[in-house]
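We number each residue from 1, following the sequence as shown.
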Amino acid sequence: MSVTIKEVKTKKDLSDFIEFNYQLYKDDKYSVPDLKMDLEKTFDKNKNAGAEFSDIQLYLAYKDGKLAGRVAAIINHRANETWNVKNVRFGWIDFIDDIEVTKALLDMVEKFGRDHGMTQIQGPLGITDMDNEGMLIDGFDEIGTFGSLYNYPYYPQHLEQLGYVKETDWHELKMDVPAEVPERYTRTVDLVMKRSHVHVKKLNGKKDIFQNGYGQKIFDLVNESYAPLFGYSKMTQRQIDQLIKEYLPMLDLRMISLVETDDTHELVGCGISMPSIVRAMQKSGGKLFPFGWFHLIKSLFIKHEENVELLLIAVRPDYQAKGITSLIFNDLTQVYINMGFKWAETNIILEDNLKNLTQWSAFNPRVHKRRRCFKKEL
């Protein structure tokens, strides 16, 4: 029986779109489900600031009358204008091990792109850079992270069969939390602060985030420091406001390290991390209610796992050769030691971002996962 494709138009369709991933990976010990409420917001233009400058169409694939796959077709006009390209993205792609299903889904994204004047398809990418991206190509026997995707090994095999090729790869690093802060950081802290006239700033509650403006400063810094990276488009003010309101208050402020100038208090560096919540997400099944919230709160603030997720590090371009990361690592490493973490895992790092990949050398880093963005000319 042939594959049939259905556009997502109703709430029931959207529910099927979200639930398909949960069902496909129901018994997989490495997959980490997204929060259902987050996904519902993601595809609501009234609730997702990043969706207001994108064209989005969701599709479902059926084989023999059964749901067999899903995909999102996305045109991020802001990113296309930034990089002077005409790209359509595919994201949130999942499918059974059937090449006909995969082809039918991607054919729809390709058609969506051509109908809108696009010349290339790429993915997996999200609506914006704050969404999970990259298809796992190595590390299938490693549990996922809250900030990354998981997929079965047949996914990239299908894409290659359909003529998709590598556009770029990301690495993820796993490393040890040492028994004490490495000497290379402790011995340079005073020198870096003196030479660059900076100091480490720790956040003191919501007042610092909101009234004192550090939430805004953090995302302004991310915009400036991430601007040259693959596919990045600067966050709008509405996106920033949303992130400040919804995500920063969830974090343990001990695990955020800021570096600012002594006189003007300009933010020149930041490191943001959090306890791993992947086990809690698996227990919750992607749902906060009735008991999912308890597992998340427990992992975040009561009894955390042995590992910490390093969400992002950002340094202002004019300070990137001044040892700012040494101050961040010195501060956060001591926090991790005091909190009893045993190991840490980075978020995705572009394979050609050598500065970022090599800055972890004091922590015995290992590349344990690789992800790929595929592309194809239309």
Side-chain angles (χ1 to χ4, degrees), residues 34-35 37-38 41-42 44-53 78 126-132 145-147 198-229 232-277 288 293 296-297 299-301 304 308-320 324-325 327-329 331-332 335-336 339 346-348 356:
D34 290 317
L35 273 177
M37 62 181 295
D38 278 353
K41 288 181 181 178
T42 295
D44 186 332
K45 286 198 172 187
N46 295 320
K47 296 180 180 179
N48 181 6
E52 65 184 3
F53 47 79
R78 190 173 175 85
I127 299 171
T128 74
D129 302 276
M130 295 297 107
D131 298 316
N132 297 344
T145 63
F146 179 64
V198 296
H199 60 270
V200 173
K201 160 71 180 178
K202 302 298 286 188
L203 294 173
N204 286 315
K206 292 183 179 180
K207 183 177 180 180
D208 265 352
I209 295 174
F210 296 102
Q211 287 98 316
N212 295 337
Y214 280 96
Q216 182 71 40
K217 288 182 179 182
I218 287 171
F219 290 108
D220 284 343
L221 176 64
V222 170
N223 264 344
E224 187 172 1
S225 60
Y226 282 24
L229 299 182
Y232 188 81
S233 60
K234 289 188 175 183
M235 291 175 282
T236 65
Q237 187 58 51
R238 186 178 168 216
Q239 283 179 277
I240 291 174
D241 290 342
Q242 195 169 62
L243 288 166
I244 293 171
K245 178 182 178 181
E246 296 182 7
Y247 293 102
L248 283 186
M250 291 175 53
L251 300 177
D252 186 327
L253 299 186
R254 292 175 295 176
M255 302 177 69
I256 298 176
S257 181
L258 307 180
V259 179
E260 63 180 9
T261 57
D262 292 334
D263 50 358
T264 58
H265 300 285
E266 297 173 62
L267 196 62
V268 299
C270 75
I272 299 179
S273 56
M274 65 182 287
S276 173
I277 59 171
L288 280 182
W293 64 271
L296 292 174
I297 295 298
S299 288
L300 284 170
F301 299 109
H304 56 71
V308 56
E309 290 190 24
L310 309 173
L311 301 180
L312 67 84
I313 287 184
V315 178
R316 210 170 76 182
D318 55 331
Y319 277 79
Q320 286 180 2
I324 301 302
T325 54
L327 303 185
I328 295 171
F329 291 158
D331 175 63
L332 289 181
V335 171
Y336 302 155
M339 295 180 70
T346 69
N347 208 331
I348 57 175
N356 202 337

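Side-chain atoms of Thr346 never come within 3.5 Å of backbone atoms of Leu310 as a donor-acceptor pair (strictly under, hydrogens ignored). Ser257 places no side-chain N or O within 3.5 Å of a backbone atom of Gly271 that could act as its donor or acceptor partner. Of the possible donor and acceptor atoms, one in the side chain of Arg78 sits under 3.5 Å from a partner among the backbone N and O of Lys234. Here the side chain of Glu266 pairs no donor or acceptor atom with the backbone of Thr261 at under 3.5 angstrom. Under a 3.5 Å cut-off, the side chain of Asn212 and the backbone N or O of Tyr214 do not form any donor-acceptor pair. In this structure a side-chain-to-backbone donor-acceptor pair under 3.5 Å is present from Lys202 to Ile256. Put simply, the side chain of Glu224 never gets that close to the backbone of Val268: no donor and acceptor are under 3.5 Å apart.
In this structure, CD1 on Ile218 lies 5.5 Å from CG on Leu203, to the nearest 0.5 angstrom. Rounding to the nearest 0.5 angstrom, the gap separating the CD1 atom in Ile324 from the CG atom in Leu258 is 12.0 Å. Here the straight-line distance linking atom OG1 of Thr325 with atom OH of Tyr319 works out to 14.5 Å at 0.5 Å rounding. Atom OG1 of Thr42 and atom CE of Met130 lie 12.5 Å apart (nearest 0.5 Å). Atoms CD1 and CD, on Ile127 and Glu52 in that order, are 11.5 Å from each other to the nearest 0.5 Å. Summarising the geometry, atom CG belonging to Asn48 is positioned 10.0 Å from atom CG belonging to Asp38; distances are rounded to the nearest 0.5 Å.
Side-chain contact between Ile240 and Gln237: present, with at least one pair of heavy atoms (C-beta onward) separated by less than 4.5 Å. By the 4.5 Å heavy-atom criterion applied to side chains, Asn356 and Ile313 are not counted as neighbours. Side-chain contact check for Lys217 versus Cys270: every heavy-atom pair is 4.5 Å or farther apart. Put simply, the side chain of Leu312 does not reach to within 4.5 Å of the side chain of Asn347, judged on heavy atoms. Annotation: side chain of Leu267 is not in contact with side chain of Asp220 (no heavy-atom distance under 4.5 Å).
Lys245 pairs by the side chain to side chain contact (heavy atoms under 4.5 Å, CB included) definition with nothing, not counting sequence neighbours. The ring-ring contact (aromatic ring centres under 6.0 Å, His included) test applied to Phe329 returns Tyr185, Trp360, Phe363, not counting sequence neighbours. Scanning for side-chain hydrogen bond (donor to acceptor under 3.5 Å, both in side chains) contacts around His265 gives Glu260, with sequence neighbours left out.
Here the closest heavy-atom approach between residue Val315 and residue Leu221 is recorded as C-CD1, 4.2 Å. Between Ser225 and Pro317 the shortest heavy-atom distance is CA-CD, 4.2 Å. In terms of heavy atoms, Met235 sits closest to Gln239 at CA-OE1, 3.3 Å. Contact detail for Met274 and Leu251: the closest heavy-atom pair is CB-CD2, 4.0 Å. Across Asp262 and Val198, no two heavy atoms sit closer than the pair OD1-C, 3.3 Å. Minimum interatomic distance between Arg238 and Asn46 (heavy atoms only, all atoms of both residues): NH2-O, 2.9 Å.
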### Task
Output, in order, the C-alpha distance, side-chain angles, deciding distance and verdict of side-chain contact (heavy atoms from CB on, under 4.5 Å) for Asp34 and Asn132.
CA-CA 10 Å; Asp34 290 317; Asn132 297 344; 3.8 Å; yes
### Message
Applying side-chain contact (heavy atoms from CB on, under 4.5 Å) to Met339 and Val308, what does each step give before you reach the verdict?
### Response
CA-CA 10 Å; Met339 295 180 70; Val308 56; over 6 Å; no
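Applying side-chain hydrogen bond (donor to acceptor under 3.5 Å, both in side chains) to Tyr232 and the options Thr128, Asn223, Asp129 leaves one that passes, Asn223.
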